[in-house]
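Just so we're on the same page: letters track the sequence lines, and every chain starts at 1. Computation of the quantities below employed the complete heavy-atom set of this structure, encompassing side-chain atoms and omitting hydrogens, waters and symmetry-equivalent molecules.
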Number of protein chains: 2
Amino acid sequence: MSQTVDRALSILPLLAEGPANLEQVAGRLGVHKSTALRLLRTLHEHGIVHRQPDQRYRLGTRLFALAQQAVENLDVREIAHPHLVELNAQTGHTVHLAVHEENEVLYIDKVESRYPVRMYSRIGKPVAITVAAVAKLLLADLPEQERRAVAQRLDYPRYTARSITDPATFLAELAKVREQGWATDLGGHEESINCVGAPVRGPDGRAVAAMSVSAPNVVVSADELLTLLPLVRRTADAISDEYSGRTPSPDNTERQR
Amino acid sequence: MSQTVDRALSILPLLAEGPANLEQVAGRLGVHKSTALRLLRTLHEHGIVHRQPDQRYRLGTRLFALAQQAVENLDVREIAHPHLVELNAQTGHTVHLAVHEENEVLYIDKVESRYPVRMYSRIGKPVAITVAAVAKLLLADLPEQERRAVAQRLDYPRYTARSITDPATFLAELAKVREQGWATDLGGHEESINCVGAPVRGPDGRAVAAMSVSAPNVVVSADELLTLLPLVRRTADAISDEYSGRTPSPDNTERQR
DNA sequence: AAGGTCGTTGCAGTGAATGCAACAAGCATT
DNA sequence: AATGCTTGTTGCATTCACTGCAACGACCTT
């Protein structure tokens, strides 16, 4: 739309390949040296490109700073909420969103069946970190070494007969979750409640949050709940895409796994 | 230099603060809506900005990808990382790596005490350039004339009672740092936090990066932290050697201390 | 239905970007 | 040392692309 800006931006991927000098940039842009110079100068003033001692240009660290600031100011909850509502509408079940922070996993949003109003019942409260599906998802994303450290220092309350109660089992569960990309809690926290969840990932692929759908046995069996897995994963992926600034292509009917 | 590009690039830091709609962008840019629209469109086509379902704009994946490449091209980071991890393991404290670029000093890596989870907390953010140990190290390495120029144009926020708040004191401090080859920040940024750092030098002897170890008063006193100085310097030197392609002679055991 | 907000589009005027050519600086070759 | 080559920089005339305006349309609220 804007020729000048278009040209300037075209320089970036070019420099991403590696440092380049003025003529190389001008050549690949198909413009006169002087034009390229002025574009590069402008980019330089904004710290987007950096001039090396050998006068060649490369991408600047300002880009990194910008990206960093952007993710920090991103509110997962804000982005996720509409998706959670939709999932709730589709399934009728309770939907949770959780993040990992300072050795705790806590709910930051919840859409409850029938109650459109946000009741902060469990929101903000730490989850049962050793059994909850969302907790497994978030911890499973940590590097191995750290996962081990965390598993060691946790307490393992026996909420129910199905609770995980030792580090080894927990680590094995995390490995499985990491492998398959989704998690469940089948009566591990409360005997009659099952959950199935999936991770929300940021631009760098790391899990920034996790979501889950929960329902009591009396409403749907665990097996029935599991049939919702594809839908849950699709929702989580949609949130990931939006959070990462990816454009959900209009015709992306189904994503391949 | 180029008005159009200048305006377009000015949108980026604006969006880094958070999503914004067309009018907000136009307003803060001081241009007509239609102008802002066309700039945003161009940025959008390049994937630099992303349009949310609510039509607001925010930074897009492409920017994240570029930022990623920008830091990956900084091979200091890659070389330094294992050393930082080791230093962290030895001391238990937070370790930072920073570079100087375009009038800013910013963290490009960090290894946090015990909780690498928060990995990217301060990474990408400009450091408090008038007080941070790494900033002193990098600025101290500049030629005198340039140091003076920088010192003059800086702001000197009084973060704490111990902050450096005027150019003369700052220049004196830089001279001292230059002389001794290491730097500290004793409560100059945050009252209870002390740092000690050393420079990473390239083959030509110029500082290409700086690293520091930080710890709160409550954990170790400033004096205790200073006892780590030899270790910090040795680590920085090891990184320098590797970066400069000097053989970190296999038998010059770092451990014989 | 009316009124308001906000994004989008066509258009005319002009100011800003472009390419040219000459210049400067650094380096290699002779 | 002189010459020629390469590469970055600057002043300038031309023109084209960018700008702001105003009108339109989509959507939401009352």
Side-chain angles (χ1 to χ4, degrees), chain A residues 1-15 17-60 78-79 81-82 85-86 89 116-117 242 245 247-250, chain B residues 1-12 14-15 17-60 101-102 143 145-146 203-204 206:
Chain A
M1 270 275 137
S2 166
Q3 188 188 63
T4 318
V5 178
D6 187 51
R7 285 174 171 172
L9 295 181
S10 301
I11 293 178
L12 302 185
L14 197 153
L15 290 185
E17 296 171 15
N21 65 20
L22 180 60
E23 287 204 328
Q24 293 170 319
V25 172
R28 293 194 52 180
L29 269 184
V31 300
H32 194 268
K33 282 189 303 180
S34 55
T35 305
L37 177 68
R38 287 180 281 246
L39 296 176
L40 282 165
R41 281 229 183 103
T42 311
L43 289 166
H44 180 84
E45 277 170 16
H46 285 258
I48 305 292
V49 308
H50 174 66
R51 197 135 197 213
Q52 294 183 337
D54 64 355
Q55 288 217 315
R56 290 190 303 167
Y57 295 90
R58 64 168 174 76
L59 294 182
E78 191 184 339
I79 291 174
H81 192 72
V85 170
E86 191 190 335
V117 184
E242 200 178 323
T247 321
S249 37
Chain B
M1 268 277 141
S2 166
Q3 188 188 64
T4 319
V5 177
D6 185 53
R7 285 173 171 173
L9 296 181
S10 300
I11 293 178
L12 303 184
L14 197 152
L15 290 186
E17 295 171 15
N21 66 19
L22 178 60
E23 287 204 327
Q24 293 170 318
V25 172
R28 292 194 51 179
L29 232 58
V31 300
H32 195 269
K33 283 189 303 180
S34 54
T35 304
L37 176 68
R38 286 180 281 247
L39 295 176
L40 283 165
R41 280 230 184 103
T42 312
L43 289 165
H44 182 79
E45 278 171 13
H46 285 257
I48 306 289
V49 308
H50 170 66
R51 197 138 199 210
Q52 295 185 339
D54 64 357
Q55 288 215 316
R56 289 189 303 166
Y57 295 90
R58 29 163 301 228
L59 298 183
E101 199 176 296
E102 312 293 345
Q145 181 190 350
E146 212 172 323
D204 56 356
R206 297 209 32 169

Q: Compare side-chain N and O positions of B:R7 against OP1 and OP2 of D:dC18 and report whether any pair is under 4.0 Å apart.
A: no

Q: Starting from P on C:dG4, measure out to CG on B:N21 and report it in whole angstrom.
A: 20 Å

Q: Where the side chain of A:S2 meets the backbone of B:T42, is there a donor-acceptor pair that is under 3.5 Å apart?
A: no

Q: Rounded to the Å, how far apart are A:H32 NE2 and D:dT10 P?
A: 14 Å

Q: How do A:Q3 and A:K33 order along DNA chain C: which one's closest nucleotide is nearer the 5' end?
A: A:Q3

Q: Whole angstroms only, please: what is the CD-P distance between A:Q24 and D:dT7?
A: 9 Å

Q: Looking at the side chain of B:T4, which of D:dG8, C:dA17, C:dT9 is the nearest nucleotide?
A: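 Closest nucleotide to the B:T4 side chain: C:dA17.
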
Q: Please confirm whether the backbone N or O of A:N21 pairs with a side-chain atom of A:Q24, one donor and one acceptor, at under 3.5 Å?
A: yes

Q: Take atom CD of B:E23 and atom C1' of C:dG7, then tell me their distance rounded to the nearest Å.
A: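 After rounding, the gap between these two atoms is 9 Å.
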
Q: Can you tell me which nucleotide in D:dT10, C:dG10, D:dT9 comes closest to the side chain of A:S34?
A: D:dT10

Q: Any N or O donor-acceptor pair under 3.5 Å from the base of D:dG20 to the side chain of B:R38?
A: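 For B:R38, whose side chain was compared with the base of D:dG20, there is a donor-acceptor pair (under 3.5 Å).
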
Q: Using atom CG of A:L39 as one end and atom C1' of D:dT9 as the other, report the distance to the nearest whole Å.
A: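 Distance, rounded to whole Å: 15 Å.
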
Q: Between B:G30 and A:Q55, who's closer to the 5' end of DNA chain D by nearest nucleotide?
A: A:Q55

Q: From the list D:dG8, D:dT9, D:dG20, which nucleotide is the closest neighbour of the side chain of B:T35?
A: D:dG20

Q: Checking A:H32 side chain against A:S34 main chain: does a donor-acceptor pair fall under 3.5 Å?
A: yes

Q: If you only use heavy atoms from C-beta on, which nucleotide in C:dG19, C:dG7, C:dA17 is closest to the side chain of B:S2?
A: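 From the listed options, C:dA17 comes nearest.
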
Q: Figure out the CG/C1' separation between A:L40 and C:dA17, and round it to whole Å.
A: 15 Å

Q: Nearest whole angstrom, please: distance from the P of C:dG15 to the CG of B:D6.
A: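 To the nearest whole Å, that distance equals 19 Å.
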
Q: Before accepting this row, confirm whether a basic side-chain N of the pair B:D54/B:R56 lies closer than 4.0 Å to the acidic partner's carboxylate O.
A: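 Salt bridge between B:D54 and B:R56, a charged N being under 4.0 Å from a carboxylate O: yes.
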
Q: As a test of reading the structure: which of C:dG19, C:dG7, C:dG10 is closest to the side chain of B:L22, going by heavy atoms?
A: C:dG7

Q: So for atom CD, which belongs to B:Q145, do other residues, nucleotides or ligands contribute more than 12 heavy atoms lying within a distance under 6.0 Å?
A: no

Q: In whole angstrom, give the distance that lies between atom CG of B:L37 and atom C1' of D:dC18.
A: 13 Å

Q: Between D:dG20, C:dT8, D:dT10, which nucleotide gets closest to the side-chain atoms of A:R41?
A: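 Side chain of A:R41 sits closest to D:dT10.
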
